[in-house]
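Throughout, a chain's letter reflects where its sequence line sits, starting with A, and its residues are numbered from 1.
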Number of protein chains: 4
Amino acid sequence: MSVPHEEKWNAILDAAYRVFGTKGFYETKMAEIAEEAGIAKGTLYLYFSSKEEMFLAMSRRDFAIFLDGLRTELSGSFTFREKLSCIAKHHMEYFFVRRKYERVFFNSGNNDPGMMDMLTEFLSDYMKIVSDVMEQEGLKKPLYLAKALSGILEAYKMDILFAEGFGKEELQDRVEFTVNLFLNGCRGSY
Amino acid sequence: MSVPHEEKWNAILDAAYRVFGTKGFYETKMAEIAEEAGIAKGTLYLYFSSKEEMFLAMSRRDFAIFLDGLRTELSGSFTFREKLSCIAKHHMEYFFVRRKYERVFFNSGNNDPGMMDMLTEFLSDYMKIVSDVMEQEGLKKPLYLAKALSGILEAYKMDILFAEGFGKEELQDRVEFTVNLFLNGCRGSY
Amino acid sequence: MSVPHEEKWNAILDAAYRVFGTKGFYETKMAEIAEEAGIAKGTLYLYFSSKEEMFLAMSRRDFAIFLDGLRTELSGSFTFREKLSCIAKHHMEYFFVRRKYERVFFNSGNNDPGMMDMLTEFLSDYMKIVSDVMEQEGLKKPLYLAKALSGILEAYKMDILFAEGFGKEELQDRVEFTVNLFLNGCRGSY
Amino acid sequence: MSVPHEEKWNAILDAAYRVFGTKGFYETKMAEIAEEAGIAKGTLYLYFSSKEEMFLAMSRRDFAIFLDGLRTELSGSFTFREKLSCIAKHHMEYFFVRRKYERVFFNSGNNDPGMMDMLTEFLSDYMKIVSDVMEQEGLKKPLYLAKALSGILEAYKMDILFAEGFGKEELQDRVEFTVNLFLNGCRGSY
DNA sequence: GATGAATGAGGATTCATTCAT
DNA sequence: TATGAATGAATCCTCATTCAT
């Protein structure tokens, strides 16, 4: 359990991301990940003690990237609308870029308690960031609002995966729609 | 391939719902479903030709109940606000009642094309019902609105599963919040 | 174990013959035989106590028909050549008529001792009939000759199954060839 | 799909030969082959993708040995009688040596098309070798003769399996008888 | 007698994980 | 460190047989 060559550690997680993301946790075979990473099956176990742990590490890394990116971008936004846009855009773009591997976030699962804990923690962190934005604006029930916002974005995420010819314009379209709806309600101007 | 005793067919699907719902598709063993249903393993295969097909049948039945219930309840709602409340309440209560078995809707997972098709069709039907409500109100982009609404509800669904002591009051609370947010935006009165 | 309606007993064996003969012992399902016979699965067990026993009964009946027919036809043959022709013709025609169901004689098998015994007994009876013919002709090693003759016919039986467009003429051709070879050796006139 | 250690590949096929040869295809369990080979069940599947494929590979190897041996031995025979003796002896000895495992050639059975194809090809190759011998002797209908010869030998093969105390002398006896019968007919001197 | 729903032992195959090299 | 051959527990599914109706 030393910390072997970090480069390979990341390469394995990259491969894992591609395969898990394409086929889901259960349909993914360790052999496939090894092949995708261009190493031997046994080697995987020098870096991760089990399939679950590997999935966990991969998710952890992915979640961290998501949250760090969001924090960074958010620090450059100032008005409330800007912040909402920033959140929406980040959420959508993150998955848009990774759309080929989207089984990951879906199929987050298996009943592994470790997995559940980590997902819960991720959501908690994400919601904290968003609800802070709400709070800074003096809104009531900031956590409710945060969840609602991310829920809308999750719903539109589906379009990334299933809508024909979904591109950057459609993405921007959804982002703006979301912000307007969130600010003004369904009868607001948009 | 006759259709033996419909009663047992439903009993098996009930058992399947409980087990799939608790453990997810992959962690569920056919033997467990048989045991839960109080019958022999082999008997399952008199009713369903495979684990996949059984999961499919179970989902199909569940989706149909959800949609039929929604249509029925919606037909007793008249104002726009009433209709929104009705949708939100139905969505939340449906899962609240089934909260013990919520792995089902999650882990629809498994790359089975039949499953994907059915899920897509369900979503399409659900969104049609909701977007019709938006359209009747003369709103623009009714499908976007429908997806946004259901997205919010899905986000709150998480609270059903994970929030401590989530009960009927919390549920009603989320429903009202959702409707107000949807109608008036985040700064609206609620 | 009474002797139920003999007609149905035979009907079942007819069905069994068709299915076993097409697919072999192991690939045949009791359900298929029942369907082929137009009766219920359970009914088979009123007539035969197991799949093996059914196969045995079917073979027994088939063997008896073969031997009875041979005896009858042979009783109308007088010269040695006539008798050889009769044997050859009977052997070939028997399988020609049943060529659609020829897996039976092949796949006679499974390791069931009862099956082995019966096959052995059948061969013994068959060889007795043929070797008697040899003996009546005053030939030495009549049993060897009997086996040789039937061996040749078995080899040609393959052509019934696999040769394209094998018909009555080809059959007659093989019969005459066999008799000539048997009488005169490979350099004899034929 | 590299070809791991050829030695083990052969060892598995040897074990398979013994078990299939004793019990037939259907009565043989993969677990038994593994045990016979002294390895784990799973290992079998590193070398053969299925029970069928294993049986096929085993038969293929066996057939090739049979034919190669025959060709080799035949190349040392010169007169027609010598060649016939060679064929007969090879055929009989091949099975004599393997008499404990004779279910293999019998029970080639199983409707697998791959198996049928291979069996057909084997017979075709075998018959080609034998009929070439006939042709070189200027005999008419060489293929008929080839089939007849092998048919006789197959019939005597039964004696290997079932005749009490069948030994080398009996074998030689059958070989000579076969050759004489084939050359001179049933009334020839032998 | 006839039925066919129910049974459950049994077997082929998969795949995460180990460990000798 | 890296390998990949070997392992064997685990699981889906089949099908001969039974038995309540």
Can you measure D:Leu44 atom CG to E:dA12 atom P for me and round it to whole angstrom units?
10 Å

Keeping A:Thr43 on the side-chain end and A:Ile39 on the backbone end, is there a donor-acceptor pair under 3.5 Å?
no

D:Thr120: which residues meet the side-chain hydrogen bond (donor to acceptor under 3.5 Å, both in side chains) condition with it, sequence neighbours left out?
none

Across the strands shown, which category fits A:Ile39 at heavy-atom distances under 4.0 angstrom: base, sugar-phosphate, nothing?
sugar-phosphate

For the backbone of A:Gly21 and the side chain of A:Lys23, can you confirm whether one donor and one acceptor N or O come within less than 3.5 Å of each other?
no

Going by ring-ring contact (aromatic ring centres under 6.0 Å, His included), name the residues that satisfy it together with B:Tyr45, two or more places apart in sequence or in a different chain.
none

Stems for DNA chain E (at least 3 consecutive Watson-Crick or G-U pairs, under 3.5 Å) come to E:2-21 with F:2-21

Is A:Phe63 close to A:Asp125 at the side-chain level, that is, under 4.5 Å between some pair of heavy atoms?
no

Got a sec, which residues hit side-chain hydrogen bond (donor to acceptor under 3.5 Å, both in side chains) with D:Arg61, two or more places apart in sequence or on another chain?
D:Asn10, D:Asp14

Rounded distance (Å) that lies between atom C1' of E:dA5 and atom CH2 of B:Trp9
18 Å

Determine which pairs satisfy salt bridge (Lys or Arg N to Asp or Glu O under 4.0 Å) with at least one residue from residues 36-47 of chain C, sequence neighbours left out, and list them in order.
C:Arg18-C:Glu36

Kindly say whether D:Ser49 contributes a backbone atom to a donor-acceptor pair with the side chain of D:Glu53 at under 3.5 angstrom?
yes

Heavy-atom protein contacts under 4.0 Å, nucleotides 11-18 of chain F, coded B base, S sugar-phosphate only, - none
SSBBSSBB

Starting at atom CD of D:Glu53, determine the distance to atom P of E:dT13, rounded to an integer number of angstrom.
10 Å

D:Phe20 has an atom CZ; how far is it from atom P of E:dG11, in whole Å?
14 Å

Please give, in whole Å, the distance from E:dG1 C1' to C:Glu7 CD?
15 Å

For atom CD of A:Glu32 and atom C1' of E:dT14, their distance in whole Å:
13 Å

Do side-chain atoms of D:Glu32 reach the backbone of D:Thr28 as a donor and acceptor pair under 3.5 angstrom?
no

Given atom CD of B:Glu6 and atom C1' of E:dA5, what is their separation to the nearest angstrom?
17 Å

